[in-house]
There are 2 protein chains.
Amino acid sequence: MGLAKTEIFTDEQNAISAFAKAFSHPARVAILQHLYKTNTCVCGDLVNEIGLAQPTISQHLKELKQLGLIQGTVEGTSVCYCINVENWQSMKNIMFQFLNQDVVENSSCC
Amino acid sequence: MGLAKTEIFTDEQNAISAFAKAFSHPARVAILQHLYKTNTCVCGDLVNEIGLAQPTISQHLKELKQLGLIQGTVEGTSVCYCINVENWQSMKNIMFQFLNQDVVENSSCC
DNA sequence: TTCTATTATCGTAATATTGCAATGTAACAA
DNA sequence: TTGTTACATTGCAATATTACGATAATAGAA
């Protein structure tokens, strides 16, 4: 069906998968890494940095923005994007809790 | 196109997005959480635990196995799945490096 | 105002994902 | 051998994602 049955999962599970989905495309990973590296906000040179067409980058930026991981402010004719540090931190908390689960015994059992 | 242009990204970026894709569906998150919780390996009761049909669970398990995050061994007529602790750890290293990027200034710039 | 630069949005094609019924397969039980 | 149980695979329908050309929309420059 292509439609995930989110209603049968917990809010936490849906939150984890939503954040993970944001990172599930290398272009979005590259965008986030670039926004971090050039702390001073980057605008549309993401299009030059990454080898994708402008509408494609714009679409990826939109998804990241909707999740709250980045924010953008209009500056004249261009738009300045950067990491939303606060939301990034709370995303990290959720992801860390998931990734840091540890088995009682420190070995695989099969 | 529905096809990610992986060739224009670094191996690291592709690795991050591949792992993230594994977590991008709540059913796979739930499977991994359950495998962790019941450290002693779980088999097909994942189908009962999670409310999806057996072929669907089997398919999600296959994806997780192909990524190396879980492993399964046949035990008579059933299959015992569990986390591959070693691979989980190296996945964590990669994801942590990505998630732990920190901006120089601890505030958003726009 | 007109032109230009920058970004967003629309529309669409190609491909991927999700889910499940039906069916196959392999191990064990009777 | 004949069931039965537990999974895996196949095939398909519904939906989502990715990518980009074409085209808006907006701000500033001339």
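Note: hydrogens, waters and symmetry copies are ignored here, and every other heavy atom, side chains too, is used. Since this is a predicted model, take the numbers as computed values, not measurements. Numbers restart at 1 for each chain; the letters A, B, ... are given by sequence-line order, proteins then strands.
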Pick the closest DNA chain C nucleotide for A/Lys62 and for A/Thr6 by heavy atoms, then say which residue is nearer the 5' end.
A/Lys62

On DNA chain C, does the nearest nucleotide to A/Thr77 precede the nearest nucleotide to B/Glu63 from the 5' side, or the other way round? Give the residue.
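Of the two residues, A/Thr77 wins.
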
With heavy-atom distances below 4.5 Å as the criterion, would you say the side chains of A/Leu46 and A/Leu61 are in contact?
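Answer yes - side chains close enough.
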
Rounded to whole angstrom units, what separation is found between the [atom1] atom of [X] and the [atom2] atom of [N]?
X	N	atom1	atom2	answer
B/Ile50	D/dC7	CD1	P	13 Å
A/Lys5	D/dA16	NZ	P	15 Å
A/His60	C/dT7	NE2	P	16 Å
B/Gln66	C/dT17	CD	C1'	14 Å
B/Gln59	D/dT9	CD	P	11 Å
A/Leu64	D/dT17	CG	P	13 Å
A/Leu61	D/dC20	CG	P	14 Å
B/His25	D/dT17	NE2	P	11 Å

Look at the rings of B/Trp88 and A/Phe98 and say which category their plane angle falls in: under 30° parallel, 30 to 60° tilted, over 60° perpendicular.
perpendicular

Hey, which sits more toward the 5' end of DNA chain D by its nearest nucleotide, B/Ser58 or A/Val74?
B/Ser58

In terms of the nearest nucleotide of DNA chain D, which residue is placed more toward the 5' end: B/Ile57 or A/Leu52?
B/Ile57

A/Lys21 side-chain N/O to C/dT17 phosphate OP1/OP2 under 4.0 Å
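For C/dT17, neither OP1 nor OP2 has a side-chain N or O of A/Lys21 closer than 4.0 Å.
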
C/dT6, OP1 or OP2 - any side-chain N/O from A/Tyr81 closer than 4.0 Å?
no

Check: D/dA8 base within 3.5 Å donor-acceptor of B/Gln54 side chain
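Looking at the base of D/dA8, it does pair with a donor or acceptor on the side chain of B/Gln54 (distance under 3.5 Å).
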
Ring pair (Phe, Tyr, Trp, His ring centres under 6.0 Å) between B/Phe23 and A/Phe23, intermediate numbers included:
CA-CA 10 Å; B/Phe23 307 141; A/Phe23 306 141; over 10 Å; no

Can you identify which nucleotide, out of C/dC20, D/dG21, C/dT7, has its nearest atom closest to the A/Pro55 side chain?
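Among the listed nucleotides, the one closest to the side chain of A/Pro55 is D/dG21.
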
Counting distance only, does the side-chain N/O of A/Asn84 pair as donor-acceptor with the main-chain N or O of A/Asn87 below 3.5 Å?
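Between the backbone of A/Asn87 and the side chain of A/Asn84 there is a qualifying donor-acceptor contact (under 3.5 Å).
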
CG/A/Asp11: more than 12 non-hydrogen atoms of other groups inside 6.0 Å:
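Incorrect, the count does not exceed 12.
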
